[in-house]
Amino acid sequence: MRLQRLATRGLRNLAPGELHTDASFVVFSGLNAQGKTNALEAIWFLATLRPLRGFVVRDLIAWGEEEAAVGGTVDGHALKVMQGKSRRLFLEGQAVTQLSQYFGAVRAVAFSPSDEEVLRGEPRLRRQWLDRAAFTADPSHLDLVRAYHRALDQKRALLRSPDPVLLDVLDEQLARTGAAVAEARERMLSALEPHVTRYHRELSGDQAVVEPRYRTVAYGRSTADRTGALHDALQQARAEEVRRGMALVGPHRDEVRLLLDGRPARTWASRGQVRSLLLALKLAELQAARERGDAPLFLLDDLSSELDGDRTRRLVSILEGLGSQVFVTTTDPSHIQGLPEADTLHFSVREGQLSALPAAR
Amino acid sequence: MGNAPIDEAVAQLSRLPGIGRKTATRLVYWLLRSPTGTAATIGRALSALEGGVRECDTCCDFTDQIRCPICASGGREQGVVCVVEHPQDVRAFERSAGFRGRYHVLHGAISPLDGVGPAELRIRPLLERIRSDEIREVILATDPDVEGDATALYLARLLRGVGVRVTRIARGLAVGTEIEYADPASLSRALENRQEL
Ligand SMILES: Nc1ncnc2c1ncn2[C@@H]1O[C@H](COP(=O)(O)OP(=O)(O)OP(=O)(O)O)[C@@H](O)[C@H]1O
Ligand SMILES: [Mg+2]
Ligand SMILES: [Zn+2]
């Protein structure tokens, strides 16, 4: 997948304009607070319709503007998103009515230092990360997760004045959608597992075995088995759920765990291990995509803080093998060793202005 | 300074769904510039809705009669009832022209988040209808979203053991597409490929 052109207007501090980005590697370099990450924000927003960092969509709009617009050409297809009070989407100049159409045209995977939270923070962040990965593999995962959470909210409202027949109905819905959510998550983790240890080893030199594990009440060999198991668990929890007025059972409580040599990385891994583990997970995601015949865009924020020269060189060579187009930000471009300069575009970022730099320094 | 009739008209119009203050203001000024009588004609049409429109004794669709034209018609199959959320859904199915049975309008879907439970819907008249008429099949054609599915599953439970065939329209409609806005061809298909619940 190749982003050939990127245009932005009214997006954070980026100056309105258009960039030609048709290269395997695209590097944004500049001092702090100039807009490097904002350039990745633009690409991520175009690809996922969400902000990259932990803020709300409105924060993408430049101060004093009514609307932010990001356009791009991906593999020859023109995409555009305009975000004001509401959002408008265009594919080949036509208004998009079905999100699945839009998401069929572009996919992206991102890594940034703040992702550390995914490993360290509360379980919800790991479920969200996994749902995001499953969505990249199959956009319909989003509908599934939304339906599950909607049914969950309905049940929470109902628990305030429970009607037993209606609770049965909602539990039936939750069992069905919840089992499908759990199954998709587990499938995603299994697709990552064979690659993540290898990438972690290559990036860190650490010989530890990495095992991603998913713990769910909706377990089983088939979707039907999972639905049955979740349904049983819901029935068993019914009395307590009603008593406490809480939805206590289901994939919204499932645990995504990462074991390093059998120990939970969350509490056990060093800061360096956490970072290389996360990067390894993202690379595994790209490799899993590659096995499906896909190559999402890869956004890599603030590379210099991650790895030393040798490891960066190794990372670049892994990335070359993955076939994804890579967008990197860095304060120090000399830090990124081993880039295939003939296939790399450099941009300097200064006060929101992105300027193409001459190739091969 | 404010002008009381204008302010009141803007306030009343902006109560309508999908109409904010800005649109309401634009509409009011458009009316003020229109030929004399325009606002009054619109006003009369709106007043006639109250008192003039009631729910059909049989299917609960809106009508100005005791029974709506579909229920009153001899040409419709009596044994099949298609259960929908809104009167607009009846119009959508009628546009698709494939259905020869009759309807039942619930006037909503179960949604505890919005304080809508079974008691808020026209479920009791449906049950009475099934008890007294010779109905063979109930087609559940609520929207294909969480609330519509919950409503269908709920009705299916109520109708267990009543001795009617209970079916649900096929999932062919894209997730989140409301019946009201579905195109006629996919509606016919969803109806044709309905499945036993
Ligand atoms: N909504 C907004 N409108 C205009 N400017 C904004 C908006 N939000 C943030 N900014 C500006 O964007 C700049 C930060 O950009 P960005 O996060 O891309 O920096 P960066 O180059 O990645 O820096 P670092 O190297 O520190 O990560 C800040 O100077 C901030 O003032
Ligand atoms: Mg940054
Ligand atoms: Zn009627």
Side-chain angles (χ1 to χ4, degrees), chain A residues 66 84-86 89 95-104 135 138-178 180-181 184 227 231 234 241-242 245-247 250 252, chain B residues 17-23 83 85 106 108-121 123-124 126-127 140 142-162 166 168 171-183 185-186 195-197:
Chain A
E66 295 279 305
K85 279 208 191 72
S86 62
L89 293 179
V96 172
T97 47
Q98 290 282 297
L99 271 182
S100 55
Q101 269 184 315
Y102 186 89
F103 289 133
F135 161 79
D138 176 4
S140 74
H141 187 69
L142 181 65
D143 297 327
L144 201 57
V145 171
R146 281 200 180 147
Y148 179 75
H149 281 278
R150 179 76 187 170
L152 203 56
D153 287 341
Q154 292 288 10
K155 176 172 170 177
R156 288 180 178 129
L158 182 66
L159 281 169
R160 277 180 237 127
S161 52
D163 160 337
V165 181
L166 207 46
L167 264 182
D168 282 346
V169 163
L170 284 176
D171 278 350
E172 189 179 331
Q173 280 185 302
L174 286 169
R176 205 166 2 91
T177 49
V181 167
T227 308
H231 201 255
L234 285 164
E241 288 191 323
V242 169
M246 284 169 73
H252 62 294
Chain B
I19 300 202
R21 271 205 91 73
K22 230 162 126 182
T23 309
V83 179
E85 291 182 20
L106 296 169
I110 292 173
S111 175
L113 279 171
D114 303 303
V116 180
E120 277 68 42
L121 305 176
I123 290 177
R124 196 189 300 238
L126 174 66
L127 298 180
L140 301 170
T142 46
D143 284 341
D145 53 18
V146 169
E147 293 74 24
D149 279 342
T151 309
L153 288 172
Y154 182 83
L155 289 174
R157 273 170 202 255
L158 287 191
L159 297 174
R160 250 181 223 166
V162 172
V166 179
R168 175 88 170 108
R171 290 225 133 249
L173 303 174
V175 185
T177 307
E178 294 173 55
I179 302 273
E180 184 184 350
Y181 304 112
D183 65 277
S186 11
Q195 282 170 356
E196 219 80 33
L197 251 189

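As the structure is a computational prediction, the values presented were derived from the model and not from experiment. Computation of the quantities below employed the complete heavy-atom set of this structure, encompassing side-chain atoms and omitting hydrogens, waters and symmetry-equivalent molecules. In the text below, chain A, chain B and the rest are named by the order of the sequence lines, each starting its count at 1.
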Rounded distance (nearest 0.5 Å) linking atom NE2 of A:His231 with atom CZ of A:Arg176: 10.0 Å
Residues in residues 145-152 of chain A near chain B [non-hydrogen atoms, under 4.5 Å]: A:Ala147, A:Arg150, A:Ala151
For a side-chain contact (heavy atoms from CB on, under 4.5 Å) with A:Glu241, tell me which candidate from A:Met246, A:Arg156, A:Lys155 qualifies. A:Lys155
Not counting sequence neighbours, which residues clear side chain to side chain contact (heavy atoms under 4.5 Å, CB included) with A:Asp138? List them please. A:Ser140
Which of A:Thr177, A:Leu158, A:Leu170 touches chain B most, by non-hydrogen pairs under 4.5 Å: A:Leu158
Find out whether A:Leu99 and A:Asp143 are in side-chain contact, i.e. whether some heavy atom of one side chain is under 4.5 Å from a heavy atom of the other. no
Residue selection (most heavy-atom pairs with chain A, distance under 4.5 Å) from B:Val146, B:Asp149, B:Asp114: B:Val146
Is it the backbone or the side chain of A:Asp163 that comes under 4.5 Å from a heavy atom of chain B, or both, or neither? side chain
In a table with atom names and distances, give each donor-acceptor pair under 3.5 Å that connects a side chain of residues 150-158 of chain B to protein atoms at least two apart or in another chain.
from     : atom 1 : to       : atom 2 : distance (Å)
B:Thr151 : OG1    : B:Ile110 : N      : 2.9
B:Thr151 : OG1    : B:Glu147 : O      : 2.7
B:Arg157 : NH2    : A:Glu172 : OE1    : 2.4

Of all residues at least two apart in sequence or in a different chain, which pass the salt bridge (charged side-chain N to carboxylate O under 4.0 Å, His left out) check with B:Glu196? B:Arg165
Restricting to non-hydrogen atoms, name the atom on A:Leu159 and the atom on A:Gly245 that form the minimum distance, rounded to 0.1 Å. CD1-C, 4.0 Å
